[in-house]
Amino acid sequence: MRFHEDAIFKINGQKYGQELLQLMEIGGKIIEVHQTEYGVVDPKMYKPDLVFELEDKIVILEFQSSFVNVNDKRRFRFYSAIVDLVKIKSKKPIEIHVLSTVENEKTKCYKINQESRFPIYIHSLKKYDGDEFLNKMNFKIGIKERFDERELLMISLLCFMKSKKDIQQCILNSAVTITNIECLNEDIGQFVKGVVLMLCDKFVKDESLNTTISNLVGGNMKIVEDYAQRKVDEKNKEVVINLDKEGFSVEDIVRIANVSLDFVEKTLAGE
């Protein structure tokens, strides 16, 4: 993707990610949104879409446009291992949740051995008529009526609803609709645009259409990146960051060098 969606989701994901989980009827309160690129494997193959840490568990959320098959099950199982080993290490249980464009609500399992099965929870928004919902949203745009956050989030997820249109057209409709909303709140606006761009990157294979949607939603990509950086800078002013002598934060060193936090802290302390 051509913009730093991890930064945008990390800043706004705790609030709006909570609404996303509620929409999917996943219980629990988000306490942190984690980065999804871990630098240990090919990120094109092994990059979870969203990783939410809740008070009692870790939720890895995947967007899927095909039926979950055995290869997907293995990939999701690998995601959980990577998140557990590389990033979080919280000792909380890890769950895989899939928002699907094609499957109904169900639980599938990856059979690891005779005694161990890894559950994969599949969610559907097919109870919503996407074409009817889109007409209602366009009507609200026409009369300049205010949108609530749930409606904005649902606009970004049009492709998961029941529709006569294909997935690529639905993602285009999401992009056009969001772009046409006047006075869109910056925070929720960037979050839903980030969702649309993520879905475009995953599901829109036609290069021309992909570029059209990306430009439509992102506008000037530099503006989106500047927004994300500004929010990060604002947050950094509110906390004391532990820096090493070269100006890198301890967390940056851990991520870049792929070593443990304990090792870095002892090294900086001269032990």
Side-chain angles (χ1 to χ4, degrees), residues 1 4-10 13-14 17 20-21 24 26-28 30-124 157 159-160 167 194-195 197-205 251-263:
M1 190 174 295
H4 303 305
E5 78 275 15
D6 273 336
I8 289 175
F9 288 141
K10 190 167 182 63
Q14 194 163 325
L20 175 60
L21 295 188
M24 298 168 60
I26 300 173
I30 296 174
I31 60 173
E32 188 170 354
V33 180
H34 288 278
Q35 176 183 350
T36 59
E37 290 185 358
Y38 301 107
V40 293
V41 288
D42 182 354
K44 291 183 179 179
M45 292 182 61
Y46 299 111
K47 181 182 181 297
D49 289 334
L50 291 169
V51 180
F52 298 115
E53 181 171 358
L54 279 59
E55 292 177 319
D56 60 339
K57 61 189 174 186
I58 309 297
V59 170
I60 300 176
L61 177 59
E62 280 292 298
F63 300 120
Q64 185 95 354
S65 63
S66 58
F67 287 87
V68 173
N69 59 30
V70 67
N71 290 328
D72 294 316
K73 293 177 181 179
R74 292 191 182 109
R75 176 166 56 90
F76 298 153
R77 181 70 180 92
F78 189 74
Y79 285 174
S80 70
I82 291 297
V83 169
D84 186 35
L85 175 66
V86 178
K87 182 65 181 179
I88 299 177
K89 303 179 182 178
S90 67
K91 298 183 180 179
K92 295 177 181 177
I94 298 176
E95 296 180 357
I96 295 286
H97 291 261
V98 176
L99 182 56
S100 174
T101 65
V102 293
E103 294 197 68
N104 295 321
E105 302 273 342
K106 67 182 72 173
T107 300
K108 290 187 173 181
C109 288
Y110 175 48
K111 186 176 180 181
I112 301 170
N113 53 49
Q114 290 291 343
E115 289 76 32
S116 181
R117 293 175 179 269
F118 180 70
I120 297 161
Y121 304 100
I122 299 174
H123 303 266
S124 171
L157 300 174
C159 67
F160 295 101
I167 184 172
V195 172
L197 287 169
M198 176 187 288
L199 297 176
C200 175
D201 192 53
K202 287 196 69 169
F203 300 144
V204 180
K205 304 307 179 185
E251 289 76 13
D252 283 339
I253 297 173
V254 170
R255 175 176 53 80
I256 294 169
N258 195 21
V259 293
S260 71
L261 180 61
D262 182 65
F263 174 85

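In this text the structure is predicted, and so the values were computed from the model without any measurement. Start at 1 with the first residue, then count along the sequence.
Here Ser66 pairs with Gln64 under the side chain to side chain contact (heavy atoms under 4.5 Å, CB included) rule; sequence neighbours left out. With sequence neighbours left out, Tyr121 forms a ring-ring contact (aromatic ring centres under 6.0 Å, His included) with His97. Qualifying salt bridge (charged side-chain N to carboxylate O under 4.0 Å, His left out) partners for Glu62, counting only residues two or more places apart in sequence or in other chains: Arg75, Lys202.
Side chains of Ile120 and Asp72 form no contact here, defined as non-hydrogen atoms less than 4.5 Å apart. Using a 4.5 Å heavy-atom cutoff, the side chains of His123 and Ile26 are in contact. Within the 4.5 Å cutoff, the side chain of Arg74 has heavy atoms near those of the Asn71 side chain.
Pairing each heavy atom of Pro48 with each of Ile60, the nearest pair is CB-CG2, 3.8 Å. Closest approach of Cys159 to Ile167, counting heavy atoms only: CB-CG1, 3.8 Å. The two residues Ser65 and Thr101 make their nearest non-hydrogen contact at CA-OG1, 3.1 Å. Cys109 and Pro119 get closest at one heavy-atom pair: SG-CA, 4.1 Å.
We find the NE2-CZ distance between His34 and Phe52 to be 11.0 Å, quoted to the nearest 0.5 Å. Taking CD1 from Ile31 and CD from Glu53, the interatomic distance works out to 4.0 Å, rounded to the nearest 0.5 Å. Between the CZ atom in Phe78 and the CD1 atom in Ile96 there is a gap of 12.0 Å [rounded to 0.5 Å].
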Derivation and outcome, side chain to side chain contact (heavy atoms under 4.5 Å, CB included), residues Asp49 and Leu61 = CA-CA 6 Å; Asp49 289 334; Leu61 177 59; 5.8 Å; no
After noting the C-alpha distance and the side-chain angles of Leu157 and Leu99, does the key distance pass the side chain to side chain contact (heavy atoms under 4.5 Å, CB included) rule?
-> CA-CA 10 Å; Leu157 300 174; Leu99 182 56; 4.2 Å; yes
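Aromatic ring pairs are classed by plane angle as parallel below 30°, tilted from 30° to 60° and perpendicular above 60°; the pair Phe63 and Phe160 is tilted.
Between the Glu103 side chain and the Val68 main chain, a donor and an acceptor come within less than 3.5 Å of each other. Listed for the Lys92 side chain is a donor-acceptor partner under 3.5 Å among the backbone atoms of Leu54. Under the 3.5 Å distance criterion, the side-chain polar atoms of Glu95 are left unmatched by any main-chain donor or acceptor of Val59.
Judged by a 6.0 Å distance limit and a 45° cone about the ring axis, Arg77 is positioned over the six-membered ring of Phe118.
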